[in-house]
There are 2 protein chains.
Amino acid sequence: MFEEICPSTLLPFRVGTDKWAGMVLRCLEDGPRRYSELRVPLARISPKMLTQSLRGLERDGFVQRTAYERRVTYELTDLGRSLLEPLRLMCAWAEDHWDELLDARES
Amino acid sequence: MFEEICPSTLLPFRVGTDKWAGMVLRCLEDGPRRYSELRVPLARISPKMLTQSLRGLERDGFVQRTAYERRVTYELTDLGRSLLEPLRLMCAWAEDHWDELLDARES
DNA sequence: GAGCGTGGTTACCGATTGGATACCTTGGTG
DNA sequence: CACCAAGGTATCCAATCGGTAACCACGCTC
């Protein structure tokens, strides 16, 4: 999903406190995910950064962590879901203006 | 304008490559501005950071720098103006969810 | 009891970011 | 000439970010 040189790192937007937070949010769009499930789409993230990113999102109230007997899940809170709208607009911007951005950056 | 402890530094969004770029864009919303004019609303920015931020915005094609005889102005390009919509949505998000964000961060 | 999967933590290190401060060049102005 | 404003640069430093790699506790299975 985000494995190759992710275009999103070139975007002039950031959601959340660190580099990965936006991608984590997108991975949680469709429901709760386990720690190990998140590591699949975010193949290039280190466990340290994933933890750090999740802790930041939890601290800000965007993600809720729930520990069951033998598993832990992360899911978006209402507040976290409210970030998806701006996030999607940023993605829409990217689609519309990607070429212009690349052109500008090359010169 | 952004002089006190600017709430925007606490926001979970960033526009542009560095911390200040979003604020610079907002200062250019209403037309061209000179370097020294930008330093007024952005009272806490150092000249180095203002230059760096403007150079980044210029490189990405969001801002155009024009040097006249005895003055330099910066103004938004069309591409730069296209960032204002997402930016405004982020500000709207902030107004709607500011309290929740603070609450979450306190605990 | 050896090894495995889950969900992490810790230590270390280099690169990047951001801030403060001082300085510089060019062209006016008194 | 001295000084000033504009539009920056240069230098130094501290803090933060992000990455690698190793380790760890728990419960399960073979």
Side-chain angles (χ1 to χ4, degrees), chain A residues 2-25 27-28 31-60 63-75 105, chain B residues 2-25 27-28 31-60 63-75 105:
Chain A
F2 298 107
E3 31 219 319
E4 342 153 16
I5 306 126
C6 177
S8 75
T9 63
L10 295 175
L11 282 186
F13 302 108
R14 170 178 291 190
V15 181
T17 50
D18 62 87
K19 174 183 169 184
W20 296 96
M23 300 183 230
V24 173
L25 289 175
C27 291
L28 293 174
R33 292 288 181 268
R34 305 177 59 169
Y35 187 87
S36 46
E37 285 169 344
L38 289 171
R39 298 203 61 186
V40 177
L42 301 167
R44 305 188 55 81
I45 200 174
S46 67
K48 172 188 151 187
M49 290 312 298
L50 181 53
T51 300
Q52 208 171 99
S53 203
L54 286 167
R55 294 282 182 275
L57 291 168
E58 203 189 343
R59 174 178 52 85
D60 287 355
V63 159
Q64 184 178 3
R65 178 182 188 275
T66 314
Y68 301 98
E69 336 69 61
R70 292 300 301 149
R71 36 186 248 149
V72 178
T73 66
Y74 297 90
E75 63 188 309
R105 227 173 259 231
Chain B
F2 298 108
E3 30 220 322
E4 343 153 15
I5 305 126
C6 177
S8 75
T9 63
L10 296 175
L11 282 186
F13 303 108
R14 169 179 292 191
V15 181
T17 50
D18 63 86
K19 174 181 168 186
W20 295 95
M23 298 183 233
V24 174
L25 289 175
C27 292
L28 293 174
R33 291 287 182 270
R34 305 176 59 167
Y35 187 87
S36 47
E37 284 169 344
L38 290 171
R39 298 204 61 187
V40 177
L42 302 167
R44 306 189 55 81
I45 201 175
S46 69
K48 172 188 151 188
M49 291 311 299
L50 181 54
T51 299
Q52 207 172 100
S53 203
L54 286 167
R55 293 282 182 275
L57 290 168
E58 203 188 344
R59 173 179 53 85
D60 286 356
V63 159
Q64 185 180 2
R65 177 182 189 273
T66 313
Y68 301 97
E69 333 71 61
R70 290 303 299 151
R71 33 184 255 154
V72 178
T73 65
Y74 297 91
E75 63 189 308
R105 227 173 258 232

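Letters A, B, ... mirror the listed sequences (proteins, then strands); counts begin at 1. It should be emphasised that the depicted structure is a prediction, and the values quoted were computed from it without experimental measurement.
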Trainee: Using the side-chain hydrogen bond (donor to acceptor under 3.5 Å, both in side chains) criterion, which residues pair with A:R55? Sequence neighbours excluded.
Mentor: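 Testing A:R55 for side-chain hydrogen bond (donor to acceptor under 3.5 Å, both in side chains), a comparison that skips the adjacent residues, returns none.
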Trainee: Test of understanding: with side chain to side chain contact (heavy atoms under 4.5 Å, CB included), list the residues that count as partners of A:R39, not counting sequence neighbours.
Mentor: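 Partners of A:R39 by the side chain to side chain contact (heavy atoms under 4.5 Å, CB included) criterion, ordered by chain and then number, come out as A:Y35, A:P47, A:L50.
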Trainee: Evaluate the side chain to side chain contact (heavy atoms under 4.5 Å, CB included) criterion for residues A:M49 and A:T51: first the C-alpha distance (whole Å), next the side-chain angles of each, then the deciding distance (0.1 Å), finally the verdict.
Mentor: CA-CA 5 Å; A:M49 290 312 298; A:T51 300; over 6 Å; no
Trainee: Calculate the interatomic distance between A:I45 atom CD1 and D:dG19 atom C1'; express it in whole Å.
Mentor: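 After rounding, the gap between these two atoms is 11 Å.
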Trainee: When rounded to the nearest 0.5 angstrom, what distance separates SG in A:C27 from OH in A:Y74?
Mentor: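 Atom-to-atom, A:C27:SG and A:Y74:OH are 13.5 Å apart.
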Trainee: Shorter than 3.5 Å, N or O on both sides, protein versus nucleotides 6-12 of chain D: list them out with atom names.
Mentor:
residue: D:dA6; atom: O3'; partner: B:R34; partner atom: NH2; Å: 3.1
residue: D:dG7; atom: OP1; partner: B:R34; partner atom: NE; Å: 3.3
residue: D:dG7; atom: OP1; partner: B:R34; partner atom: NH2; Å: 3.2
residue: D:dG7; atom: OP1; partner: B:V72; partner atom: N; Å: 2.9
residue: D:dG7; atom: OP2; partner: B:S36; partner atom: N; Å: 3.3
residue: D:dG7; atom: OP2; partner: B:S36; partner atom: OG; Å: 2.9
residue: D:dG8; atom: OP1; partner: B:R55; partner atom: NH2; Å: 3.4
residue: D:dG8; atom: OP1; partner: B:R65; partner atom: NE; Å: 3.4
residue: D:dG8; atom: OP1; partner: B:R65; partner atom: NH2; Å: 2.6
residue: D:dG8; atom: OP2; partner: B:Y74; partner atom: OH; Å: 2.5
residue: D:dT9; atom: OP1; partner: B:R55; partner atom: NH2; Å: 3.1

Trainee: Would you say the side chain of B:D18 lies within less than 4.5 Å of the side chain of B:Q52, judging by non-hydrogen atoms?
Mentor: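 B:Q52 vs B:D18: side chains apart.
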Trainee: List the residues meeting side chain to side chain contact (heavy atoms under 4.5 Å, CB included) with A:R33, not counting sequence neighbours, and say none if there are none.
Mentor: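 Only A:L28, A:D30, A:E37, A:L38 meet the side chain to side chain contact (heavy atoms under 4.5 Å, CB included) criterion with A:R33.
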Trainee: Between A:M49 (CE) and D:dC17 (P), how many Å, whole number?
Mentor: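 From A:M49 CE to D:dC17 P: 8 Å.
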Trainee: Rounding to an integer number of Å, can you tell me how far A:Q52 CD sits from D:dG19 P?
Mentor: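 After rounding, the reported distance stands at 10 Å.
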Trainee: Go through DNA chain C in 5' to 3' direction and return only the first and the last nucleotide with some atom under 4.0 Å of chain B's heavy atoms.
Mentor: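 Reading along DNA chain C, I get C:dG18 to C:dG27.
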Trainee: Rounded to the nearest Å, what distance is computed from the CG atom of residue A:L50 to the C1' atom of nucleotide D:dC17?
Mentor: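 One finds 16 Å between C1' of D:dC17 and CG of A:L50, rounded.
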Trainee: Taking only residues two or more places apart in sequence, or in another chain, which ones meet B:R59 in a salt bridge (charged side-chain N to carboxylate O under 4.0 Å, His left out)?
Mentor: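 Here no residue qualifies.
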Trainee: What does B:R14 touch in the nucleic acid at a heavy-atom separation under 4.0 angstrom: a base, only the sugar-phosphate, or nothing?
Mentor: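 Sugar-phosphate, backbone atoms only, no base.
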Trainee: Checking A:R71 now: which residues fulfil side chain to side chain contact (heavy atoms under 4.5 Å, CB included) with it, not counting sequence neighbours?
Mentor: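 If we apply the side chain to side chain contact (heavy atoms under 4.5 Å, CB included) test to A:R71, skipping adjacent residues, the hits are A:R34, A:Y68, A:T73.
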